[in-house]
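Chain letters run A, B, ... following the sequence lines, proteins first, then strands; residues in each count from 1.
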There are 2 protein chains.
Amino acid sequence: MKHEAVADTPADPAHAPRRSDATRAAILEAARERFAADGYERATIRAIARDAGIDPSMVMRYYGNKEGLFTAASEIDLRIPRLGAVPARHVGAVLVTHFLDRWEADDVLTGMLRVGVTNEAGAERMREIFKAQLGPVVAGVCPDPADAPRRAALVASQILGMALARYVLRFPPAATMSRDELIAWLAPTIQRYLTAKQP
Amino acid sequence: MKHEAVADTPADPAHAPRRSDATRAAILEAARERFAADGYERATIRAIARDAGIDPSMVMRYYGNKEGLFTAASEIDLRIPRLGAVPARHVGAVLVTHFLDRWEADDVLTGMLRVGVTNEAGAERMREIFKAQLGPVVAGVCPDPADAPRRAALVASQILGMALARYVLRFPPAATMSRDELIAWLAPTIQRYLTAKQP
DNA sequence: ACTGTAGGCCAACAAGTGTTGACACGCCAG
DNA sequence: CTGGCGTGTCAACACTTGTTGGCCTACAGT
């Protein structure tokens, strides 16, 4: 309880910059990489601290415990683009392209997937992220907002499935297929899930 | 090295039945459940042994080490049906239906997914299984055998993505959607991946 | 009946885990 | 200058992990 005032939410944007901000950022970056590469259990606090070049006890002081660190490290923005501007017939292709980009931009999404599969807190985090960020976008382009959640789930299943096969499991054909070919195959699927009438 | 003669491959079908076969089976069953529920790291040998009602050291004697146990516990048969008999236009629906059945029959596939995502040996195992069991079936129904691997990867991505969303991550809409509705949505996707001309 | 051996349990090992508390340095306000 | 506080290290804790070796029991072959 001693360091409570220090350890509590650093998310306050109006907070004065602290001298330790660089360390905090280094910890977070190292944590993201380790969680992405190893999953929750095998990503040890000691390894993360070593990567960040500091003592493991600092991680505890700044983030409370391992779960707190994970929570802080897994604040994810899918950065889904506005779909209002793109022609309704192309939203599938735009979405697939975006997710391929997003997945290759950094290893945050791979980490989310690795942790979400073996850790209930990670799974809950994924549900929140997709509900909050993909849900509204789907609701904006599908015919009847009432079945937007179902359509979003279908879209998520295909997007996540491809990411799983290509970036995590590394199925040879999925991992080596060209980006354009992949888009050509997946875009119609996503398009149909988004806009086709209920089968 | 002492028990080498006992610990070596029990897969030999012409082997005399041993008194310990019941114990071996109990260990394997407990291991499958634990791996499925907890993933590789959190499924401890001690917990598996407790479930099987024996001492942890027995696991070591019969399966060498944890990885050997996993190898033995993850011999998986997808039980994909012969598609030669079904009309070419229905293979998508048949395949989706089968995989939903197979996934709900036991928790072996969920375990495979949980372990494959965080463990390289598990990933390799998944690649083998899908290549050996899904590959030939796809090659049998798709127009040009040359691009069968790509089509199989696409099929796998959608199948695994749905299993991930529905059975592992438990996305609310994906987990609660009715089986028939799910088939109606997914079957055309699989059908297209299998038989449509290259886009 | 006797003996070897397979089946099983117990206790322990070394290593690694998350986590904690005490202590040292250096900055900044008073 | 001096005190307090933020930043950081060190050493240790209690615990769990995979794994090992010794010992006991009971069955099977002779």
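Asp147(B) is linked by a salt bridge (Lys or Arg N to Asp or Glu O under 4.0 Å) to Arg151(B), counting only residues two or more places apart in sequence or in another chain. Scored by the side chain to side chain donor-acceptor pair (under 3.5 Å) test, Asp55(B) finds Ser57(B) as partners (sequence neighbours excluded). Applying the side chain to side chain donor-acceptor pair (under 3.5 Å) test to Arg125(B) and every residue at least two apart in sequence or in another chain returns nothing.
Contact between the side-chain N/O atoms of Tyr62(B) and the OP1/OP2 oxygens of dA6(C) is not found at any separation under 4.0 Å. Note on Thr23(B): a side-chain N or O is less than 4.0 Å away from OP1 or OP2 of dG8(C).
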Can you give each donor-acceptor pair under 3.5 Å made by side-chain atoms of residues 154-173 of chain B, sequence neighbours left out, with the distance rounded to 0.1 Å?
| unit_1 | atom_1 | unit_2 | atom_2 | d |
| --- | --- | --- | --- | --- |
| Ser157(B) | OG | Gln158(A) | NE2 | 3.0 |
| Ser157(B) | OG | Leu154(B) | O | 2.7 |
| Gln158(B) | OE1 | Tyr193(A) | OH | 2.8 |
| Gln158(B) | NE2 | Ser157(A) | OG | 3.0 |
| Arg166(B) | NH1 | Ala174(B) | O | 3.0 |
| Arg166(B) | NH1 | Met177(B) | O | 2.9 |
| Tyr167(B) | OH | Glu104(B) | OE2 | 2.6 |
| Arg170(B) | NH1 | Tyr167(B) | O | 3.4 |

In a table with atom names and distances, give each donor-acceptor pair under 3.5 Å that connects a side chain of residues 41-50 of chain B to protein atoms at least two apart or in another chain.
| unit_1 | atom_1 | unit_2 | atom_2 | d |
| --- | --- | --- | --- | --- |
| Arg42(B) | NH1 | Thr118(A) | O | 2.8 |
| Thr44(B) | OG1 | Ala47(B) | N | 3.0 |

Side-chain donor/acceptor pairs under 3.5 Å, residues 109-117 of chain A, sequence neighbours excluded:
| unit_1 | atom_1 | unit_2 | atom_2 | d |
| --- | --- | --- | --- | --- |
| Thr110(A) | OG1 | Trp103(A) | NE1 | 3.4 |
| Arg114(A) | NE | Val117(B) | O | 2.8 |
| Arg114(A) | NH1 | Ala36(A) | O | 2.6 |

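For residues 77-95 of chain B, the set of pairs meeting the side-chain hydrogen bond (donor to acceptor under 3.5 Å, both in side chains) definition, not counting sequence neighbours, is empty. Residue pairs meeting the ring-ring contact (aromatic ring centres under 6.0 Å, His included) criterion with at least one partner in residues 23-55 of chain B, sequence neighbours excluded, are Phe35(B)-Tyr40(B), Phe35(B)-Phe70(B), Tyr40(B)-Phe70(B). Within the structure, no pair that satisfies the ring-ring contact (aromatic ring centres under 6.0 Å, His included) test touches residues 107-126 of chain A, not counting sequence neighbours.
In this entry the distance linking CG of Asn65(A) with P of dT19(C) reads 5 Å, nearest Å. Taking atom NZ on Lys66(B) and atom P on dT20(D), their separation rounds to 15 Å, with Å as the unit. Rounding to whole angstrom units, CZ of residue Arg42(A) and P of dG18(D) are separated by 14 Å. One atom, CD1 of Ile45(A), and another, C1' of dT19(C), lie 8 Å apart when rounded to the nearest Å. Rounding to whole angstrom units, CE of residue Met60(A) and C1' of dA11(D) are separated by 16 Å. The OH atom of Tyr63(B) sits 12 Å away from the P atom of dG7(C) (whole-angstrom rounding). When rounded to the nearest whole Å, the span between CD of Glu41(A) and P of dT16(D) equals 15 Å.
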Grab the N/O contacts between the protein and nucleotides 9-11 of chain C below 3.5 Å, and write none if there aren't any.
| unit_1 | atom_1 | unit_2 | atom_2 | d |
| --- | --- | --- | --- | --- |
| dC9(C) | OP2 | Asp55(B) | N | 2.9 |
| dC9(C) | N4 | Ser57(B) | OG | 3.4 |
| dC10(C) | N4 | Asp55(B) | OD2 | 3.3 |
| dC10(C) | N4 | Ser57(B) | OG | 3.1 |

Hey, what are the protein-to-nucleotides 12-15 of chain C N/O distances that come in under 3.5 Å?
| unit_1 | atom_1 | unit_2 | atom_2 | d |
| --- | --- | --- | --- | --- |
| dA12(C) | N6 | Arg46(B) | NH2 | 3.4 |

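Annotation: proximity of residues 25-36 of chain A to DNA chain D (heavy atom, distance under 4.0 Å) is found for no residue.
Between Ile190(A) and Val96(A) the shortest heavy-atom distance is CG1-CG2, 3.5 Å. Of all heavy-atom pairs between Pro149(A) and Ala146(A), the closest is CD-O, 3.6 Å.
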